[in-house]
Amino acid sequence: MMISTTPSAAGSSAPASTAHLLLRQWPFLITGLLFGVLLIKSEAASWYRIQEMFRFQSIHMYGLMGSAVLTGLITTTLLRRTGRRALNGDAIHVPAKTGATSSYVLGGLIFGLGWGLAGVCPGPIFALLGSSLLPMLIVLAAALVGTWAFGAVQKLL
């Protein structure tokens, strides 16, 4: 989307389309906030719940993840079968997975190791920061370094 830098007729220095662009972002902000509240209230971001899961002491987190997988399967199937289009009119295409299984296993092991060490997967990091758990800044920094490292070595894998 091209944003005009010409001042509006009212003499404002802000581009006229910037306000429109910001207004279009509100649904995403509200959705993200609601998702963060859901993560906290469902205890998906709870270190204790995550430890219970890794020790096979509780089914709580497995139920949460199972419901997320089921929701994703149903949604993806409906998108493929109905031929729905994105808000901008583009066709929604969900490509099939390709590549070596070993890459997925290695990636899953690295992700699981980080999850087990930090006690949190990347999804709830921002929700936990919003809950004033400032040590999550360390986890966020580690996640960003890990993402950067993957990008640096991706072509070698």
Legend entry - Ser58 side chain vs His60 backbone, donor-acceptor pair below 3.5 Å: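 At least one qualifying donor-acceptor pair exists.
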Inset, instruction - Keeping the roles fixed (side chain from Ser67, backbone from Leu64), state whether a donor-acceptor pair exists under 3.5 Å. - result: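 Confirmed, Ser67 side chain pairs with Leu64 backbone.
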Would you kindly confirm whether [X] and [Y] end up in one hydrophobic cluster when ILVMFWY residues are joined by side chain heavy atoms under 4.5 Å apart?
{"X": "Leu106", "Y": "Phe111", "result": "no"}
{"X": "Phe150", "Y": "Val145", "result": "no"}
{"X": "Leu133", "Y": "Tyr48", "result": "no"}
{"X": "Leu128", "Y": "Trp115", "result": "no"}
{"X": "Phe126", "Y": "Val37", "result": "no"}

Legend entry - Leu113: which of Leu117, Ile110, Leu109 passes side-chain contact (heavy atoms from CB on, under 4.5 Å):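 Only match with Leu113 under side-chain contact (heavy atoms from CB on, under 4.5 Å): Leu117.
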To the nearest 0.5 Å, tell me how far [X] [atom1] sits from [Y] [atom2].
{"X": "Leu78", "Y": "Arg80", "atom1": "CG", "atom2": "CZ", "answer": "11.5 Å"}
{"X": "Leu140", "Y": "Ile125", "atom1": "CG", "atom2": "CD1", "answer": "5.5 Å"}
{"X": "Ile50", "Y": "Glu43", "atom1": "CD1", "atom2": "CD", "answer": "10.5 Å"}
{"X": "Phe35", "Y": "Ile40", "atom1": "CZ", "atom2": "CD1", "answer": "10.5 Å"}
{"X": "Leu129", "Y": "Met136", "atom1": "CG", "atom2": "CE", "answer": "7.5 Å"}
{"X": "Ser46", "Y": "Met53", "atom1": "OG", "atom2": "CE", "answer": "11.0 Å"}

Inset, instruction - Answer yes or no: are there more than 12 heavy-atom neighbours, outside Ile59 itself, under 6.0 Å from its atom CD1? - result: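 No, because the 6.0 Å sphere around CD1 of Ile59 holds 12 heavy atoms or fewer from other groups.
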Legend entry - Shortest non-hydrogen contact between Leu23 and Pro27, atoms and distance: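 The pair with the smallest heavy-atom distance is O-CD, 3.9 Å.
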Legend entry - Heavy-atom pair with the smallest gap, counting every atom of Ala44 and Pro124: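 Taking every non-hydrogen atom into account, O-CG, 4.2 Å.
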